[in-house]
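Here the structure comes first, spelled out in C-alpha cells, and everything after it is commentary.
Remember, it's a predicted structure, so these values are computed and weren't measured experimentally.
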Amino acid sequence: MLAMVATALAAIAETAYVGSMGTAALAGMALVFPLMMLQAMLSAGAMGGGVSSAVRRAFGAGQPERASALGAAFLLFWLLSCRAKVQLKLRSTPLQWPLARDILRVGAVACLSPLQTVLTILILTRLVAHFGTDALAGYGIGTRLEFLLVPIAFAVGVASVPLVGMAIGAGKVARARRAAWTAAALAAGLLGVIGLVVALAPGLWTERFTQDLAVIASAALYFQWVGPAYGLFGLGLCLYFSSLGAGKAFGPVLAGTLRLVVVAVGGAALAWAGTAPWTIFALVALGMAAYGLATVLVVRHTSWGEER
C-alpha cells in the first residue's frame, strides 16, 4: 500500500504542476487520464492478478513445481538469484499450454474489467465536457483523487490474492472467504472515510490545485455527490481482486458491466434531456454504488469450490 500510495502521490504532484498552468491545462489532463489508468490496470491488475492467483493456488495444492513454472518472466532477475521460494529453471521448465491456460482463465477475463472502467470514464468525460472547460477541469481534479484511492483498494485487494489463492488451492474455502471479506471491509472503510471527508470539506483537496472559483465549485459539487459512494467502490474493487485469487473473475467483471450500462444508458438520457452538471455527478455515484453492491451479491452467491 505504501508503494502504491507513493506512486499516486507522484501523480498528485503532477496535477499540482498542471494546475499552475491554468484551467485549460487541467481540463486537458482529464482527457488523458483514462489511458493512464488503462495501462496500469491491464498490467498490474488484470494479468498480474491472474499470475499471482495461479501461483498461489499451485502452492496451496502442494505443487511447488507448477508454481515455479508459472508467470515467471515478470520477476526474472529475482527468480534467477536462487533466493526466492519460486525458482526459475529455464532449461527444465518448457512452455506448457495448461499453465498458460490457468493464467489466462483468470487474467484474460480480468482484462475486461479495466477496459470497462476506462470506457466508463471516457463516457463520463464526454458528458462533463459538454458543460465547458471549468466543469471538465473540476471533474479532472475529482478523478485525480480517485487515482489515489484506487491504489489503496488495489493494494489491499492484491494482498488478498495470495491469501485467497493459497487457501483455495488447499481446499480451505471458508478461510479464503474470510480473507476476502476482511480485505473488502478494510478497503471500504479506508475509502469511505476519505470520501466523507472530501464530501464535507472539498476545499482540502481542490484548493491544492487551483484558485479558480468556478473550477473549485465544480470539483466541490463532484465530491458532494461522489464522495459518499467511494466506500462501496472500494468494497467492489477489493472483492474483484479476491475473486481473482479464487479463480472466479467472471462475476465481478459482470458487475463492472452493470456500472458501464448504468453510466452509458443514464448518460444518454441525461444528455438528451439537457440536464444540469450535478446530474452527471449523481450518475457517477450511482454507477459506483451499483458496482459495489452487485459485486457483493455476486461474490456471496458464487461457489468457490468444496471445503476439503
Side-chain angles (χ1 to χ4, degrees), residues 30-53 103-129 139-140 142-154 156-158 161 184 187-188 191 226 229-271 280-299 301-302:
L31 300 177
V32 179
F33 175 70
L35 295 180
M36 295 173 60
M37 286 192 67
L38 178 62
Q39 295 175 18
M41 290 188 294
L42 277 176
S43 58
M47 292 307 298
V51 173
S52 180
S53 172
I103 294 173
L104 293 174
R105 182 169 63 88
V106 177
V109 175
C111 281
L112 295 175
S113 181
L115 292 173
Q116 291 172 340
T117 299
V118 170
L119 183 56
T120 300
I121 295 174
L122 288 173
I123 292 173
L124 291 170
T125 302
R126 176 63 185 88
L127 292 172
V128 175
Y139 172 74
T143 55
R144 209 61 178 181
L145 177 60
E146 290 162 26
F147 192 73
L148 172 61
L149 298 182
V150 168
I152 294 176
F154 182 96
V156 177
V158 166
V161 171
L191 268 64
V226 180
Y230 281 162
L232 288 173
F233 179 65
L235 182 68
L237 187 59
C238 191
L239 286 175
Y240 159 76
F241 281 105
S242 295
S243 297
L244 295 186
K248 303 290 184 178
F250 181 74
V253 169
L254 199 60
T257 303
L258 174 63
R259 181 190 178 199
L260 176 59
V261 170
V262 167
V263 168
V265 175
L270 294 177
I280 304 299
F281 298 155
L283 182 66
V284 176
L286 179 62
M288 286 185 177
Y291 169 69
L293 294 174
T295 305
V296 168
L297 291 175
V298 165
V299 172
H301 295 288
T302 297

Q. Taking C-beta and beyond as the side chain, do Pro252 and Leu239 meet within less than 4.5 Å on heavy atoms?
A. no
How about Phe241 and Val156: do any of their side-chain heavy atoms sit closer than 4.5 Å? no
Paired with Leu232, the side-chain contact (heavy atoms from CB on, under 4.5 Å) test is passed by just one of Val296, Leu191, Leu293, Leu237, namely Leu293
Value for CZ (Arg259) from CG (Leu119), rounded to nearest 0.5 Å, stands at 10.5 Å
Taking every heavy atom of Ala229 against every heavy atom of Met288, the minimum-distance pair comes out as CB-CB, 4.0 Å
Donor-acceptor pairs are to be reported for all side-chain atoms of residues 261-268 against protein atoms at under 3.5 Å, with residues two or more places apart or in another chain.
none

Closest non-hydrogen atoms of Ala187 and Cys238, given as atom of the first, atom of the second and distance, are CB-CB, 3.8 Å
By ring pair (Phe, Tyr, Trp, His ring centres under 6.0 Å), Tyr230 pairs with (sequence neighbours left out) none
| So do Leu254 and Val298 actually touch side chain to side chain, heavy atoms under 4.5 Å? | no
Looking only at heavy atoms, the pair that brings Leu260 and Gln116 closest together is CD1-O, 4.2 Å
query = Any side-chain heavy atom of Thr295 sitting closer than 4.5 Å to one from Leu235?
reply = no
Smallest heavy-atom separation, Ala290 atom then Leu258 atom, equals O-CD2, 4.0 Å
Of Ile121, Leu122, Thr120, the one forming a side-chain contact (heavy atoms from CB on, under 4.5 Å) with Leu124 is Thr120
